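Bear in mind that the values here come from a model prediction, so they are computed numbers and not experimental data.
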Amino acid sequence: MLTILKTLGAQLKQYRKDALVSPILSVLEGICETLIPFFMASVIDKGIEPGDMGQIIKYGLIIVFIAACALTCGVVAGRFSARASSGFACNLRDAMFSNIQTYSFSNIDKYSTAGLVTRLTTDVTNLQNAFQMLIRMCARAPVSMICAFFLAVTISRRMSMIFLVAMIFLVCVLALIMSGTFPIFNRVFDQYDALNASVQENVSAIRVVKSFVREPFEDEKYSSESNRLYGLFVKAEARLSFNSPAMFLAVYGCNIALSWMGAHMIVGGQLTTGELTSLFSYVMNILMGLMMLSMVFVMMTMSSASARRISEVINEHSDLVWAKEPVKVVADGSIDFEHVNFHYLYGKGAPVLKDINLHIKAGETIGIIGGTGSSKSSLVQLIPRLYDVSSGTIKVGGLDVREYDMPALRNQVSMVLQKNVLFSGTIYDNLRWGDLQATDEECRHACELACADEFISRFPDGYNTYIEQGGSNVSGGQKQRLCIARALLKKPKILILDDSTSAVDTATDAKIRRAFREEIPGTTKLIIAQRIASVQDADRIVVLDEGQINGIGTHEELLASNQIYQEVYYGQMEGGGDFDRQGGEA
């Protein structure tokens, strides 16, 4: 818990002053409010009962002045608390988002996308509201209660015992309520993750949902998650509902006790009418203070789970350790895998790559084929250190990748992943992810190499055509070609295409490969593909099977000696399909 508080406290930063001034002003507001009943007693006892208008005006002006001070303190405290809580929330979001950018792929695998979104939105909002209540009510309520109880004691020690009994009763009730509610709210935010995941999955795959007429199934799945969340909230609120009855029981009990005892004491001359009136006000001050604290405890209970989840994201450290004296220049595009083994840290733990030994010269074109689950993508993702090897060594340009400055390494390794991602903005905007300083001419040339200029020229706005979020207004093949052009703009020493031409026709695929040979001969090219035609003219082809190298050689060599390659080739030549339908059975 101390670690969480330390992590969250560090995010106050420039809002520490606001967070300090607000409770101070709230304390002054509470003190002023408790003084008002004290002077009201004087108005009654020294002004109204004797009929002395001078005393009424005197104490009336004092009360007006104190009320104005309380109002001013309350307004200014509210302004400072709003600044502090909003700034605190802003810093929390910035801290989480900035830290997420440092994550390795294995760190990202630990959290679901929906879970991170919930943390950045719902969890931060909960913590913001709790913090605002904390710096206002947690400062004001205890001071108001202490002052009210102290003044009540000065009026009548005997009567003040009624307040003490009520306070003990309410504290015990609140403790019982909180102890049962805390575990439920922990489960509530896990359920929020599941609900957000359902929404995200449905929206991102809406075309598939509609094409398979699965709307009723998705509706039912979402309703199921929503009902689970509803059930948890009902369970928590059912426990919290005991708070108000307990509070009213204490208030009415105190009023009855005060009325009965106060009447006897007034008749006996031990108490004045004004003092009894003040005691009634102090009852409300004390019990309202307890009510405020109970609301704070409820909010803190809800937000404690959020605090833990936010702290986890901020304190998560990348699994990739930076070199103490990183090398910032990549000599060339040569790649060496030396006895590489790899397993996903947050997966099931089974190795996905086993004893990989592979040596690639700078400028070579290497084809990689293999069935689904053969770890083709895992193999290439180790090269720019998106993951780190579990054992063994990967060298780029003759140096272990762990010795490089990571941005320098990744700037020389350009990847086009299986899932092509475009961002909202013009085509030029998307292309310049590869090189912010690229000229229009360089962008067009990269698109010519990727055969993207063919369809861009048909758009009314050409390269200024606006791409919708996720590239929803271009086809899969067009999206792939734009991503390849973006990668080429980096002018990398190593280019990795992870099944990146699967959505283009074979003729376009051949044009792209020919452009690679002619335009970037010095760039090392790794091409993952399911079609033999996409890799058969590579310098060498690597056949992966269940995380191991099954064969390495040219198209002719593998066709003569490798069974898996033979089955894939002849199956595709006969129209039998890709690797998964043929060679995957070997």
Query - Heavy-atom neighbours of K13 NZ exceed 12 at 6.0 Å - result: yes
**Report entry** Non-hydrogen atoms of S81 and R136 that approach each other most closely
**Finding:** OG-CD, 3.4 Å
**Report entry** Distance-minimising heavy-atom pair for I528 and S377
**Finding:** CD1-N, 4.1 Å
Query raised in the report: Side chains of F38 and T34: closer than 4.5 Å at any heavy-atom pair?
Result: no
Report task. Step through the shown structure and confirm whether more than 12 heavy atoms of other residues, nucleotides or ligands are within 6.0 Å of NZ on K235. Result -> no
Query raised in the report: What closest approach, in Å, do Y111 and E312 show between heavy atoms, and which atom pair accounts for it?
Result: OH-O, 3.4 Å
**Report entry** T72 (side chain) donor-acceptor with A68 (main chain) under 3.5 angstrom
**Finding:** yes
Requested in this report: Kindly indicate whether the side chain of L526, heavy atoms from C-beta on, has any atom under 4.5 Å from the side chain of I335.
Outcome: yes
**Report entry** Atom pair CG/CG of L134 and L127 - distance to nearest 0.5 Å
**Finding:** 10.0 Å
Report task. Take Q132 and M137 through the test side chain to side chain contact (heavy atoms under 4.5 Å, CB included) and record every step on the way to the result. Result -> CA-CA 8 Å; Q132 186 167 17; M137 293 187 181; over 6 Å; no
Query raised in the report: If you count the non-hydrogen atoms of other residues, nucleotides and ligands that lie under 6.0 Å from CD in Q14, is the total more than 12?
Result: yes
Query - Atom pair CD1 (I314) and CE (M96), whose distance is rounded to the nearest 0.5 Å - result: 6.0 Å
Would you be so kind as to tabulate the donor-acceptor pairs closer than 3.5 Å made by side chains of residues 139-150, with sequence neighbours excluded?
| from | atom 1 | to | atom 2 | distance (Å) |
| --- | --- | --- | --- | --- |
| R140 | NH1 | E29 | OE2 | 3.3 |
| R140 | NH2 | E33 | OE1 | 2.4 |
| R140 | NH2 | E33 | OE2 | 2.9 |

Requested in this report: Please report the shortest heavy-atom distance between H339 and D355, naming the atom on each side.
Outcome: ND1-OD1, 2.9 Å
**Report entry** Trace of the side chain to side chain contact (heavy atoms under 4.5 Å, CB included) decision for M406 with L320
**Finding:** CA-CA 9 Å; M406 275 191 277; L320 304 178; 3.7 Å; yes
Query - F337/N357 under side chain to side chain contact (heavy atoms under 4.5 Å, CB included): CA gap, chis, key distance, verdict - result: CA-CA 5 Å; F337 288 79; N357 286 281; 5.9 Å; no
Query raised in the report: Can a donor-acceptor pair be found between the side chains of S106 and D319 at a distance below 3.5 Å?
Result: yes
Query raised in the report: Are any of the side-chain heavy atoms of C483 and L422 separated by less than 4.5 Å?
Result: yes
Query raised in the report: If you measure from CG on L12 to CG on L20, what distance do you get to the nearest 0.5 Å?
Result: 10.5 Å
Query - Presence of salt bridge, K221 and E225, under 4.0 angstrom - result: no
Query raised in the report: What distance do E220 atom CD and R214 atom CZ have between them, rounded to the nearest 0.5 Å?
Result: 9.5 Å
**Report entry** Verdict with reasoning, I394 to D400, per side chain to side chain contact (heavy atoms under 4.5 Å, CB included)
**Finding:** CA-CA 6 Å; I394 296 178; D400 190 321; 5.8 Å; no
Query raised in the report: Any sub-3.5 Å donor-acceptor pair from S226's side-chain atoms to S223's backbone N or O?
Result: no
Query raised in the report: Quick one: does V389's side chain get under 4.5 Å of N341's, heavy atoms only?
Result: no
Query raised in the report: Do the side chain of S278 and the main chain of P37 share a donor and acceptor less than 3.5 angstrom apart?
Result: yes
Query raised in the report: With a cut-off of 6.0 Å (strictly less than), are more than 12 heavy atoms of other residues, nucleotides or ligands near CZ of F280?
Result: yes
Requested in this report: Using the six-membered ring wherever Trp is involved, compare the ring planes of Y387 and Y344 and label them parallel, tilted or perpendicular (cut-offs 30° and 60°).
Outcome: perpendicular
Report task. Would you indicate whether the side-chain heavy atoms of R410 and L386 approach each other to under 4.5 Å? Result -> yes
Report task. For E468, look at atom CD and say whether over 12 heavy atoms of other residues, nucleotides or ligands are found less than 6.0 Å away. Result -> yes
**Report entry** CD/E403: more than 12 non-hydrogen atoms of other groups inside 6.0 Å
**Finding:** yes
Query raised in the report: Where do Y404 and Q412 land on the side-chain hydrogen bond (donor to acceptor under 3.5 Å, both in side chains) test, with the steps shown first?
Result: CA-CA 11 Å; Y404 282 109; Q412 296 302 323; over 6 Å; no
Query raised in the report: In terms of side-chain geometry, is the basic nitrogen of D388 or R385 positioned less than 4.0 Å from the acidic oxygen of its partner?
Result: yes
Report task. Would you give the length of the straight line joining atom CE of M133 to atom CD of Q128, rounded to the nearest 0.5 angstrom? Result -> 13.0 Å
Query raised in the report: In Å and rounded to the nearest 0.5 Å, what is the CD1 to CD1 distance from I36 to I66?
Result: 6.5 Å
Report task. Decide, yes or no, whether a salt bridge links K328 with D405 under the criterion of side-chain N to carboxylate O below 4.0 Å. Result -> no
Query raised in the report: Taking the side chain from T7 and the backbone from T3, do they hold a donor-acceptor pair closer than 3.5 Å?
Result: yes
Query raised in the report: Below 4.5 Å, heavy atoms only, C-beta onward: do N430 and F423 meet side chain to side chain?
Result: yes
Report task. For the pair S414 (side chain) and A487 (backbone), establish whether a donor and an acceptor sit closer than 3.5 Å, ignoring hydrogens and angles. Result -> yes
Query raised in the report: Are any side-chain N or O atoms of S22 and backbone N or O atoms of D18, one a donor and one an acceptor, separated by less than 3.5 Å?
Result: no
Query raised in the report: Do L379 and L353 have side chains that get closer than 4.5 Å, going by heavy atoms?
Result: yes
Query raised in the report: Would you say the side-chain atoms of R119 pair up with the backbone N or O of I310, donor to acceptor, closer than 3.5 Å?
Result: no
Query raised in the report: Are F131 and F88 near enough that their ring centres are under 6.0 Å apart?
Result: yes
**Report entry** Polar contact flag, side-chain donor to acceptor under 3.5 angstrom, N107-S104
**Finding:** yes
Report task. Step through the shown structure and confirm whether more than 12 heavy atoms of other residues, nucleotides or ligands are within 6.0 Å of CH2 on W322. Result -> yes
Report summary line: In terms of heavy-atom contacts, S390 and F342 come closest through OG-CA, 3.4 Å
Query - Residues R309 and D123 bridged, charged N to O under 4.0 Å - result: yes
Query - Heavy-atom pair with the smallest gap, counting every atom of T125 and R93 - result: OG1-NH2, 3.9 Å
Requested in this report: Determine whether K490 and N411 make a side-chain contact, defined as any pair of heavy atoms from C-beta on separated by less than 4.5 Å.
Outcome: yes
Report task. Verify side-chain hydrogen bond (donor to acceptor under 3.5 Å, both in side chains) between S311 and N315, making sure each step is shown before the conclusion. Result -> CA-CA 6 Å; S311 182; N315 290 330; 3.0 Å; yes
Query raised in the report: Does T102 use its side chain to pair, donor to acceptor, with the backbone of N99 at less than 3.5 Å?
Result: yes
Query raised in the report: Got more than 12 heavy atoms from elsewhere within 6.0 Å of CZ, R16?
Result: yes
